[in-house]
There are 2 protein chains.
Amino acid sequence: MSSAQQKPKAKRDTKRLILDICERYLMQWGYNVFSYHHIADELGVKNAAIHYHFRTKSDLAVAVLLRYRARFIRWTQTVEALPPQAQLDAYMRLSLNFVLNQRVGVLVTLGTEYNTLPEPLQEQVKLLQDEIFTWFAALLERGRSSGDFLFNGTAHAMASLIATTMLGSQLLGRVRGIGPFEEVVEQVHLIVGMKRNSP
Amino acid sequence: MSSAQQKPKAKRDTKRLILDICERYLMQWGYNVFSYHHIADELGVKNAAIHYHFRTKSDLAVAVLLRYRARFIRWTQTVEALPPQAQLDAYMRLSLNFVLNQRVGVLVTLGTEYNTLPEPLQEQVKLLQDEIFTWFAALLERGRSSGDFLFNGTAHAMASLIATTMLGSQLLGRVRGIGPFEEVVEQVHLIVGMKRNSP
DNA sequence: GTCTATAGCGGGATAGAC
DNA sequence: GTCTATCCCGCTATAGAC
């Protein structure tokens with residue numbers, strides 16, 4: 001720790017910057033469209049320099065996903081003390097911010113490209129999907145027990161429905177803008193009983 | 001018409017076959033991954049032969065979308081006499097069949113790739129999305145009026161929620177198989193009041 | 001850690017023969 | 001309607017200099 005502070009600018013944090021740029025491309029274009037040249041150009045280096053840090057494109061994308069998954073886990077911890085409604089809203093706001101920034105979550109791009117991805121990357125997509133859907137189901141279960149949510153069916157099924165709605169809404173938002181996205185968010189509130197309940 | 005019958009096998013219906021194969025690739029891989037070589041190989045011809053029928057890749061994809069849209073309109077006519085619940089189920093079964101065949105609807109692949117598509121193709125995606133969401137909203141409106149559906153919020157908002165759920169479920173199904181997809185379909189039944197209604 | 005140079009491949013598209 | 005041949009481009013990845 002203290003040794004790291006001794007050379008704070010010893011080297012530019014290139015590895016981190018590469019991950020940042022790659023993550024952005026994954027969310028804007030997906031895996032198959034971007035290239036090492038795109039990343040190298042933004043950093044003002046040559047594509048061989050990227051290969052020094054990540055031997056193959058697959059390695060790079062897997063590294064991005066590992067970081068992405070760890071960040072999601074940390075995020076769930078930062079919101080776990082909030083009321084269930086606030087947690088649900090916070091999650092939907094994540095998707096909304098993606099759309100506002102002309103991106104979509106990596107589950108959208110990599111899910112779509114799934115059949116064309118290298119196997120180690122497919123594995124990461126599966127794991128991330130598991131983590132998100134599992135967290136979602138637990139949230140809905142707790143929220144219903146506490147009386148914050150009100151809905152029919154299993155919490156697991158409702159979690160799958162809302163989580164997939166968020167995926168699809170990002171596709172809708174990418175084409176039609178933020179308005180239609182927000183309309184869906186509002187409707188999600190209704191189906192989990194966060195506003196009016198019975199017809 | 002009769003002149004067409006005079007030479008029923010005069011030429012192999014290559015143009016149609018190209019459209020069929022391209023459509024399949026669009027649903028399996030999206031626009032950016034497949035190439036003229038992939039199509040040519042399946043037909044047992046060279047890629048130049050495909051260029052004879054469709055000058056550019058963009059032209060070909062647009063032609064596929066025009067046919068796809070026309071087919072959707074015809075499909076809505078074949079189901080329009082059915083009860084609202086049956087129409088909703090028929091639509092969800094379309095998505096389910098995509099997943100069973102290792103595909104997803106073109107709105108999933110082309111929506112994801114939207115930012116990278118040639119402009120004429122973006123236009124087609126927008127139009128198809130319009131047609132599907134508009135049809136869906138009208139269906140939910142009619143179904144609620146007739147007492148077949150029961151839900152809170154506007155029909156338009158509920159239509160957007162269910163339509164986006166179908167998009168996202170195809171991504172889920174692509175990764176995790178048909179089970180999770182069917183769980184979502186069942187939950188859709190619940191939120192539009194097709195089974196138990198009040199908590 | 002970044003460079004130049006290059007190998008090797010596959011893509012979109014065209015010209016002109018058959 | 002399909003072919004061969006070709007152009008030019010961009011991609012992944014590596015070798016070896018600096």
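Per chain, numbering begins at 1; letters A, B, ... match sequence-line order. Predicted model only: the values in this text are computed from it and were never measured.
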Salt bridge or not between B:Asp89 and B:Arg93? Use side-chain N to carboxylate O under 4.0 Å.
no
A:Thr165 side chain to B:Thr165 side chain, donor-acceptor N/O pair below 3.5 angstrom:
yes
Check this for me, if you would: do A:Glu42 and A:Arg24 make a salt bridge, where the nitrogen-to-carboxylate-oxygen distance has to be below 4.0 angstrom?
yes
Grab the CG-C1' distance between B:Leu117 and C:dG12 for me, whole Å please.
16 Å
I need the CD1-C1' distance between B:Ile18 and C:dG12, as an integer number of Å.
15 Å
From CG of B:Leu60 over to P of C:dA13, roughly how many Å is that when rounded to an integer?
10 Å
If Ile, Leu, Val, Met, Phe, Trp and Tyr residues are connected whenever their side-chain heavy atoms lie under 4.5 Å apart, and connections chain through other members, are B:Leu127 and B:Leu110 in the same group?
no
Starting from P on C:dG10, measure out to CD1 on B:Ile50 and report it in whole angstrom.
18 Å
Quickly work out the B:Lys15 NZ to D:dT2 P distance and round it to whole Å.
11 Å
OP1 or OP2 of C:dG1 under 4.0 Å from side-chain N/O of A:Thr14:
no
Basic-acidic side-chain contact under 4.0 Å: B:Asp148, B:Arg142:
no
Nearest-angstrom distance from the residue atom CG of B:Leu17 to P of D:dG1:
13 Å
Out of C:dT2, D:dG1, D:dC3, minimum distance to the side chain of B:Lys46 belongs to D:dC3
Counting N and O atoms only, with roles assigned by atom type, does the side chain of A:Gln122 sit under 3.5 Å from a partner on the main chain of A:Tyr114, one being a donor and the other an acceptor?
yes
Whole Å only: how far is the OH atom of B:Tyr52 from the C1' atom of D:dT2?
9 Å
For nucleotides 12-15 of chain D, give me every protein contact, N/O to N/O, under 3.5 Å, one pair per line with atom names.
unit_1 : atom_1 : unit_2  : atom_2 : d
D:dT12 : OP1    : A:Lys57 : NZ     : 3.1
D:dT12 : OP2    : A:Tyr36 : N      : 3.1
D:dA13 : OP2    : A:Lys57 : N      : 2.9
D:dA13 : N7     : A:His51 : NE2    : 3.4
D:dT14 : OP1    : A:Arg55 : NH1    : 2.9
D:dT14 : OP2    : A:Arg55 : NH1    : 3.1

Can you tell me how far C1' of D:dG1 sits from CZ of B:Phe54, to the nearest Å?
14 Å
